[in-house]
Amino acid sequence: MTVVWDDITILTVGTVVNAANSALAGGGGVDGAIHRAVGAELYDACRALGGCPVGGVRLTSGFKMSSDYIIHAVGPVWEGGDNNEAELLASCYREALYLAEDEEITTMAFPSISCGIYGYPHEEAARIAVQTVASTLPECLGIEMVTFVTYDQDMEEFYLGELESL
Ligand code: APR
């Protein structure tokens with residue numbers, strides 16, 4: 001597992017993970033960046049998928065992006081922590097790994113799901129991300145590299161701290 005500061009839309013990996021909404025309708029943040037990078041064909045592909053539940057994931061091609069695929073993950077909106085947010089966020093990471101393994105994808109890049117518009121506390125989200133990926137990877141032996149892509153100074157420190165504590 002590694003941490004990088006970068007724009008996820010330019011990474012050359014098997015799949016990037018998108019922080020989507022349950023309608024898969026595109027939006028701002030990383031969802032907006034990915035949709036801007038691909039264009040209308042991604043919107044059409046997402047619309048054909050018919051939505052995705054919170055905690056779930058869906059796959060599309062990466063189209064003209066440098067990643068072969070996009071895994072759209074729907075993170076929870078932070079509502080104070082008593083609404084199963086932690087399990088739903090963990091589910092995004094776990095299901096994305098399972099899906100990548102099934103599709104024989106070997107390298108993945110995750111944004112900080114739910115840490116922007118959805119308001120998830122950054123330190124707790126970084127803990128969930130690293131712990132979930134670390135505990136799921138032994139079931140996904142085809143996955144060779146998982147990269148946590150950070151866009152925020154604090155997230156990089158939180159990710160690195162969690163990786164050191166493994
Ligand atoms: N590359 C990498 N990370 C990015 C990028 C980018 N180009 N753009 C934003 N981020 C980071 C943000 O700084 C944040 O840490 O991605 C993280 C996730 O933030 P959001 O994109 O706001 O996603 P989220 O909080 O999960 O909210 C999802 O926002 O864009 C809409 O349609 C989306 O409704 C959904 C909601």
Side-chain angles (χ1 to χ4, degrees), residues 1-60 62-67 69-81 83-97 99 107-130 132-133 145-163:
M1 289 180 277
T2 62
V3 182
V4 295
W5 263 87
D6 217 329
D7 172 355
I8 202 168
T9 64
I10 64 166
L11 297 183
T12 303
V13 288
T15 189
V16 296
V17 178
N18 180 25
N21 56 56
S22 53
L24 300 180
V30 70
D31 199 7
I34 288 174
H35 275 268
R36 279 193 302 278
V38 176
E41 52 191 342
L42 179 56
Y43 180 79
D44 294 340
C46 285
R47 194 169 51 185
L49 291 172
C52 178
V54 179
V57 295
R58 295 290 185 271
L59 183 84
T60 67
F63 297 101
K64 62 185 174 194
M65 277 201 328
S66 43
S67 70
Y69 295 96
I70 304 167
I71 290 179
H72 305 265
V74 181
V77 175
W78 176 253
E79 295 177 320
N83 209 9
N84 204 29
E85 294 99 321
E87 176 44 40
L88 288 167
L89 183 60
S91 174
C92 288
Y93 287 94
R94 185 167 51 246
E95 294 304 319
L97 285 165
L99 180 54
T107 57
M108 313 177 62
F110 282 97
S112 306
I113 299 170
S114 288
C115 290
I117 293 166
Y118 281 0
Y120 211 104
H122 287 186
E123 189 162 12
E124 174 64 6
R127 185 188 66 76
I128 291 170
V130 171
T132 305
V133 170
M145 178 56 75
V146 173
T147 299
F148 296 104
V149 183
T150 178
Y151 233 50
D152 312 287
Q153 171 73 38
D154 66 339
M155 282 309 284
E156 182 181 34
E157 291 160 16
F158 293 144
Y159 280 133
L160 292 173
E162 286 299 325
L163 288 173

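First listed ligand is number 1; within each ligand, the first listed atom is number 1. The figures that follow rest on heavy atoms only: side chains count, while hydrogens, waters and symmetry mates do not.
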Select one of side chain, backbone, both or neither to describe which atoms of A33 lie under 4.0 Å from any atom of ligand 1, heavy atoms only. side chain
Please determine if M155 has a nitrogen or oxygen closer than 3.5 Å to a nitrogen or oxygen of ligand 1. no
Atom 26 (O) of ligand 1: closest protein heavy atom, distance to 0.1 Å, is S114 N, 2.8 Å
Atoms of ligand 1, numbered as shown, that sit under 4.0 Å from any heavy atom of D7: 1 (N), 6 (C), 7 (N)
Backbone N/O of E79 and side chain of E85: donor-acceptor pair under 3.5 Å: yes
Output yes when the distance from some N or O of ligand 1 to some N or O of G119 is under 3.5 Å, and no in every other case. no
Among I8, I117, I34, N21, which one has a heavy atom closest to atom 22 (O) of ligand 1? I117
List for me each residue that meets side-chain contact (heavy atoms from CB on, under 4.5 Å) alongside Y69, sequence neighbours excluded, and say none if there are none. T15, L59, I105
Distance filter under 4.0 Å to D31 heavy atoms, resulting ligand 1 atoms: 30 (O), 32 (O), 33 (C)
Subset of ligand 1 atoms that lie under 4.0 Å from at least one heavy atom of C115: 15 (O), 25 (O)
the protein heavy atom lying closest to atom 21 (O) of ligand 1 turns out to be V30 N, 2.7 Å
Main-chain N/O of T2 paired with T147 side-chain donor or acceptor, under 3.5 Å: no
Within ligand 1, which atoms have a heavy atom of G28 less than 4.0 Å away? 30 (O), 31 (C)
On a heavy-atom basis, I'd like to know which of P111, A19, S112 is closest to atom 18 (C) of ligand 1. S112
S66 side chain to L11 main-chain N or O, any donor-acceptor pair under 3.5 Å? yes
Is there a side-chain contact between S112 and Y120 in this structure, where contact means two heavy atoms from C-beta onward sitting under 4.5 Å apart? no
For ligand 1, is there an N or O atom under 3.5 Å from any N or O atom of A20? no
In plain terms, say whether R58 and E95 are close enough for a salt bridge, that is, a side-chain N and a carboxylate O under 4.0 Å apart. no
Close approach of G75 to ligand 1, heavy atoms, under 4.0 angstrom: no
Below 4.0 Å from any atom of ligand 1, is there a heavy atom belonging to A25? no
Looking at V17, V133, L99, which hits side-chain contact (heavy atoms from CB on, under 4.5 Å) with M108? V17
Backbone of I128 reached by a side-chain donor or acceptor of T132 within 3.5 Å: yes
May I ask whether G32 has any heavy atom positioned less than 4.0 angstrom from an atom of ligand 1? no
Donor-acceptor pair, side chain of S114 and main chain of V77, under 3.5 angstrom: no
Please check this pair: side chain of H122 against backbone of C115, looking for a donor-acceptor N/O pair closer than 3.5 Å. yes
Output the list of atoms in ligand 1 that are nearer than 4.0 Å to some heavy atom of G26, sorted by atom number. 32 (O)
Side chain, backbone, both or neither: the part of D152 lying under 4.0 Å from ligand 1 by heavy atom: side chain
4.5 Å side-chain heavy-atom contact, W5 and Q153: yes
Tell me the protein heavy atom at minimum distance from atom 25 (O) of ligand 1, and give that distance in Å. G116 N, 2.8 Å
For A25, does its backbone N or O pair with a side-chain atom of N21 as donor and acceptor, under 3.5 Å? yes
Protein residue, atom and distance nearest to atom 4 (C) of ligand 1, heavy-atom basis: Y151 CG, 3.5 Å
Counting from 1, what ligand 1 atoms have a heavy atom of D6 closer than 4.0 Å? 1 (N), 2 (C)
Can you list the ligand 1 atoms lying under 4.0 Å from a non-hydrogen atom of Y118? 24 (P), 25 (O), 26 (O), 27 (O), 28 (C), 34 (O), 35 (C), 36 (C)
Just by distance, no angles: are the side chains of T150 and D152 close enough, under 3.5 Å, to form a donor-acceptor pair? no
